[in-house]
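Proteins come first, then strands; the chains are lettered A, B, ... in the order of their sequence lines, and each starts at number 1.
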Amino acid sequence: MKLKLWLFTSAIVLTLAGPQPAWAAKKIRIITTLPELAEFTRAIGGELVEVESLATGVEDPHGVPMKPSFVPKLSRADAVVVQGLELEHAFMPGLIDACKNPKIQAGKPGYIDCSVHVPPLEVPKSLSRTEGEIHPNGNPHYNLDPVLGKMAVQTICEGLVQNFPEHEAEFKAGRDAYLAKLDQKIAEWKDLAGPLKGVKFISYHNEWVYFNHRYGLIYLGTIELRHGIEPTARHVADTIALMKTEHCHIVVREPQFSDRVPNQIAAQTGASLVKLPIMVGGVPEVKTYFELIDYNLKALLAAAKESTPATQ
Amino acid sequence: MKLNQFFGWTATLCLGVICAQAQDTNEAALLRQQLQSMQEKFEKQQQEMRDNFERLMLQQQAQIDALRQQISAMQTNGPSLAATTNPAPVVAVTTNTVPAGPSTEEVDELKQRVEELTTASKRTFISQMNPGIGFVMDSIFSYTSRGNDATGQDRPGGFDAFLRTAELSLEASVDPFARLYGVIAGSADARTGETALGVEEAAVVTTSLPWHLTVQGGRFFGEFGRFSYLHDHDLPFVYRPLVLDRYIGGESRTDGLQVNYLLPTEHYFSLTAGVGNGFGAEAGPTPPTGYRSLSGINYFGRFSTYFDLSPNLNLETGISGLANSRADGAFGDPVARDRYIGGADITLRYQPLGSNIREGYVWGTEVLVNSANFETMPGMFTRENAVGVYSYFEKKLSRQFKAGFLFDWLQNPSNPREETYRYSPYVTWNPSEFQFLRLQYSHTEPRGEGSPQNSDAIYLQWDAIIGRHVHGFKQR
């Protein structure tokens with residue numbers, strides 16, 4: 001009996017004192033600002049990483065609430081992944097400052113900015129707030145172009161390799177596997193989006209510049225007067241007139257904005273009103289990045305098909 | 001003779017013909033030689049041209065290959081600039097339909113332009129290391145039903161307009177370990193109208209201390225309560241709640257040192273402790289002996305935490321304290337000594353994630369207890385304990401409009417039997433993130449013997465900011 005007890009105790013002690021099994025190894029903690037960046041990071045890091053996104057996807061990416069509960073998450077993070085181009089200017093600088101984590105301060109290796117290799121569009125010619133709440137380094141909504149999504153994947157991989165070089169092979173394998181799937185979908189989306197070439201539309205906020213460049217849609221303007229500035233009655237009237245002149249059939253509303261003015265414009269022009277997510281999770285049907293691009297293309301195709309000309 | 005002549009002429013003719021034929025043969029050979037030479041020269045030129053052409057082709061092919069490799073690498077990593085700004089070339093490249101390569105001249109011209117741009121980007125400017133600069137203007141237009149002789153307020157009654165403050169803020173990193181910021185504020189004296197310029201804040205803040213610590217030193221707004229450390233233009237109302245004005249003395253300005261510690265837990269706990277020479281409106285202890293012991297300075301601190309009650313609803317709460325056992329400075333009327341303030345605050349926010357830019361509400365309440373010895377007669381001190389509270393509710397009506405209601409109640413710190421009530425509905429319009437107008441009505445009811453009279457006031461606050469603008473965690 002004593003021998004059995006001794007053996008049992010020894011087994012427990014050896015189990016506890018012995019080397020940790022692989023599954024118990026500490027995971028790399030990554031915080032991302034957007035859900036798609038979390039998806040990319042999970043795909044690259046696999047089992048090595050524990051990833052959480054601050055935004056759930058339904059928020060305005062410029063105005064994610066600065067919750068104090070984000071602070072401990074950031075303070076314990078090994079790296080943070082941001083979309084960049086000042087998309088997160090309204091909440092990340094404050095949170096990064098509050099979290100007191102030297103590893104993830106802007107400019108440090110732990111601060112992975114996915115926009116560093118993105119050739120920006122709509123870089124303002126002059127930095128004046130007469131143009132509204134402009135982004136000095138260009139439009140930050142490149143996540144809606146899947147080819148630039150690939151660039152974000154690559155940048156995240158580079159960032160992870162720089163921070164954790166011992167896992168380079170695993171990260172690159174994860175990246176290549178994800179990019180292979182994405183490449184396949186990009187080819188499909190190219191074919192799918194063919195009929196969208198030349199289709200005109202307006203949207204509440206200009207989140208679509210990269211998307212348009214990729215798929216050849218024609219963007220007529222924003223419902224907002226300027227970036228971040230609510231429309232005036234005059235601007236709404238001008239927009240309606242423009243849509244009629246240009247035979248524009250589609251009004252896009254991003255989920256975070258009120259549908260009051262888009263409804264008004266759609267009613268007066270006979271255009272279709274389409275609600276399009278700008279992040280993964282923006283609508284319940286969109287749970288992955290593939291579904292995000294799929295959803296937006298198919299919704300626009302449906303709108304283009306069923307809409308009637310705006311002219312009266 | 002004739003025959004001889006005939007033969008002679010014939011021979012001469014034949015000889016002439018032969019000579020002529022020989023001459024023709026020489027010229028043809030010469031021509032053939034020339035032709036051959038020309039042919040050789042032509043072939044040589046052709047060869048040279050072919051060689052040059054092949055060399056050019058090779059050069060161009062090398063350029064194309066290099067570009068292809070770049071594009072290929074970019075396609076693995078993402079597209080090149082050209083591919084992104086114009087989708088068509090991407091298709092061409094990926095289908096191996098190689099476009100005509102650029103000519104040497106074009107390449108040289110491009111190289112020159114790139115060099116010019118690179119040179120331009122390397123120019124140095126004396127302003128390059130300047131800090132971020134912001135400028136805020138805060139002005140108030142108002143009508144008060146009674147003169148300030150009846151209300152006891154700083155500003156005159158009736159119609160009034162004044163620039164409450166104009167603030168110039170500066171901020172930049174000092175080095176990898178700290179940043180420095182300053183706020184230079186200009187404001188008009190409420191009574192004399194004289195404009196004074198002062199250093200409202202100038203503090204260095206560490207940025208890379210371990211163990212989740214931050215140390216702040218210099219002149220700053222010490223962390224106490226919910227609104228004490230905010231500038232007037234960051235408040236959701238026109239005026240600071242009465243209790244903060246009377247007990248703290250406006251902003252919690254202090255010259256001192258503050259340490260903030262973020263507890264290393266998965267839940268948010270923040271702990272701040274600081275020491276300072278004076279706090280708020282208090283000018284700072286100035287003992288007549290000219291010597292100050294540790295008990296002569298202010299000690300303050302705050303502990304706060306936060307709970308996500310649901311994805312859309314959250315609660316933040318905190319307690320704060322201030323102690324100054326020898327507060328000889330000019331606080332209150334009469335002079336207060338041995339001052340202690342305790343406070344508790346709670347903030348409930350409803351922020352629907354999908355529409356928080358245009359919907360939601362916040363309810364906040366803060367209670368302060370002030371305990372101080374007041375010199376009621378020369379050498380005679382009486383300890384008075386007073387309580388004050390403010391509570392407000394604010395709702396977002398749209399992306400641009402918010403409306404709220406602020407309730408104030410407090411006991412006079414030197415005479416708790418005197419109380420003041422104030423009711424203030426307000427509405428704020430933000431045409432953009434950088435400008436707002438706020439309309440507020442306030443009904444003030446002082447109660448108690450010898451208290452000022454009731455008054456009503458309407459305020460229009462107009463604030464705007466230019467330059468650097470940050471969304472700080474404290475201003476959330």
Side-chain angles (χ1 to χ4, degrees), chain A residues 55-56 58-60 62-73 75-76 89-91 93-95 97-102 105 117-119 121 129 132-133 142 145 147-155 158 176 179 183 190 210 213-216 226 228-230 255-258 260 282, chain B residues 74-87 90-91 205 207-214 260-270 304-308 311 314 316 349 351-360 398-400 431-434 466 470-476:
Chain A
T56 64
V58 298
E59 299 91 339
D60 179 352
H62 302 303
V64 175
M66 209 185 293
K67 295 181 176 179
S69 53
F70 293 162
V71 173
K73 292 175 183 175
S75 76
R76 297 154 73 82
H89 78 284
F91 63 101
L95 288 170
D97 188 38
C99 78
K100 307 175 198 305
N101 183 347
Q105 299 295 313
H117 299 309
V118 171
L121 296 176
R129 286 192 180 139
E133 297 166 19
Y142 63 86
D145 174 359
V147 178
L148 296 180
K150 287 173 60 180
M151 194 171 279
V153 173
Q154 174 63 22
T155 307
E158 286 170 8
D176 293 344
L179 287 182
D183 274 332
K190 182 171 168 282
Y210 297 95
H213 259 83
R214 183 60 50 202
Y215 297 117
R226 298 276 191 278
I229 312 282
E230 285 291 271
Q256 71 270 27
F257 296 113
S258 163
R260 188 178 61 83
Chain B
M74 286 299 219
Q75 279 175 338
T76 305
N77 308 336
S80 67
L81 175 62
T84 307
T85 51
N86 184 2
V90 176
V91 179
V205 187
T207 54
S208 55
L209 283 184
W211 307 305
H212 303 141
L213 284 168
T214 302
N260 178 262
Y261 176 52
L262 182 71
L263 269 66
T265 58
E266 294 201 1
H267 188 84
Y268 175 79
F269 291 111
S270 174
S304 64
T305 186
Y306 168 93
F307 304 92
D308 278 318
N314 56 70
E316 192 172 350
R349 287 192 188 85
Q351 297 171 300
L353 293 181
S355 55
N356 74 298
I357 60 169
R358 57 191 162 87
E359 290 179 335
S398 69
R399 201 173 171 194
Q400 291 182 309
S432 76
E433 192 185 334
F434 311 104
I466 55 172
V470 292
H471 299 260
F473 184 68
K474 287 180 180 176
Q475 289 81 25
R476 66 187 179 281

#### Entry: side chain to side chain contact (heavy atoms under 4.5 Å, CB included) assessment of A:Phe257 paired with B:Arg399
CA-CA 9 Å; A:Phe257 296 113; B:Arg399 201 173 171 194; 3.5 Å; yes

### Query
Can you say whether B:Pro210 sits under 4.5 Å from chain A via the side chain, the backbone, both, or neither, judging by heavy atoms?
neither

### Task
Pick one of side chain, backbone, both or neither for B:Ile357, based on which atoms fall under 4.5 Å of a heavy atom in chain A.
side chain

### Message
So for B:Tyr306, is it side chain, backbone, both, or neither that comes closer than 4.5 Å to the heavy atoms of chain A?
### Response
side chain

#### Entry: Nearest-0.5 Å distance, CG of residue B:Asn356 to CD of residue A:Gln256
9.5 Å

### Sidechain-backbone polar pair: A:Asp97 side chain, B:Phe473 backbone, donor-acceptor under 3.5 Å
no

### Query
Side chain, backbone, both or neither: which part of B:Pro352 has an atom under 4.5 Å from a heavy atom of chain A?
neither

### Task
Would you check, one step at a time, whether the test side chain to side chain contact (heavy atoms under 4.5 Å, CB included) holds for B:Asp308 with A:Lys67?
CA-CA 9 Å; B:Asp308 278 318; A:Lys67 295 181 176 179; 3.7 Å; yes

### Task
Could you tell me which of A:Gly149, A:Ser75, A:Pro255, A:Pro93 has the largest number of non-hydrogen atom pairs under 4.5 Å with chain B?
A:Ser75

### Message
Using heavy-atom distances under 4.5 Å, tell me whether B:Glu359 contacts chain A through its side chain, its backbone, both, or neither.
### Response
neither

### Message
Need one label for A:Pro65: side chain, backbone, both or neither, based on atoms under 4.5 Å from any heavy atom in chain B.
### Response
both

### Message
I need the residue from A:Gly132, A:Cys99, A:Ser258, A:Pro68 with the largest number of non-hydrogen atom pairs under 4.5 Å to chain B.
### Response
A:Pro68

## Note on the structure
Counting heavy-atom pairs under 4.5 angstrom with chain B, the leader among A:His62, A:Glu59, A:Gln105 is A:Glu59

### Query
Side chain, backbone, both or neither: which part of A:Ser69 has an atom under 4.5 Å from a heavy atom of chain B?
both

### Task
Identify which part of B:Phe434 has an atom lying under 4.5 Å from any heavy atom of chain A, answering side chain, backbone, both or neither.
side chain

### Task
Just give me the residue among A:Arg260, A:Arg129, A:Lys73, A:Arg226 that pairs up with chain B most often, heavy atom to heavy atom, under 4.5 Å.
A:Arg129

### Task
Under 4.5 Å heavy-atom distance to chain B, tell me which part of A:Phe91 shows up: side chain, backbone, both or neither.
neither

### Task
Return yes if some donor-acceptor pair links the side-chain N/O of A:Glu133 with the main-chain N/O of B:Glu433 below 3.5 Å, else return no.
yes

### Task
Sort out for me which of B:Asn260, B:Ile466, B:Asn314 touches chain A most, counting heavy-atom pairs under 4.5 Å.
B:Asn260

## Note on the structure
Turns out that what part of B:Ser304 lies under 4.5 Å from chain A's heavy atoms comes down to neither

### Message
Which atoms of B:Leu263 are under 4.5 Å from chain A, going by heavy atoms: the side chain, the backbone, both sets, or neither?
### Response
neither

#### Entry: Interface moiety of A:His89 toward chain B, non-hydrogen atoms closer than 4.5 Å
both

### Message
Could you report the tightest heavy-atom contact between B:Leu262 and A:Ala98, atom names first, then the distance?
### Response
CD2-O, 4.1 Å

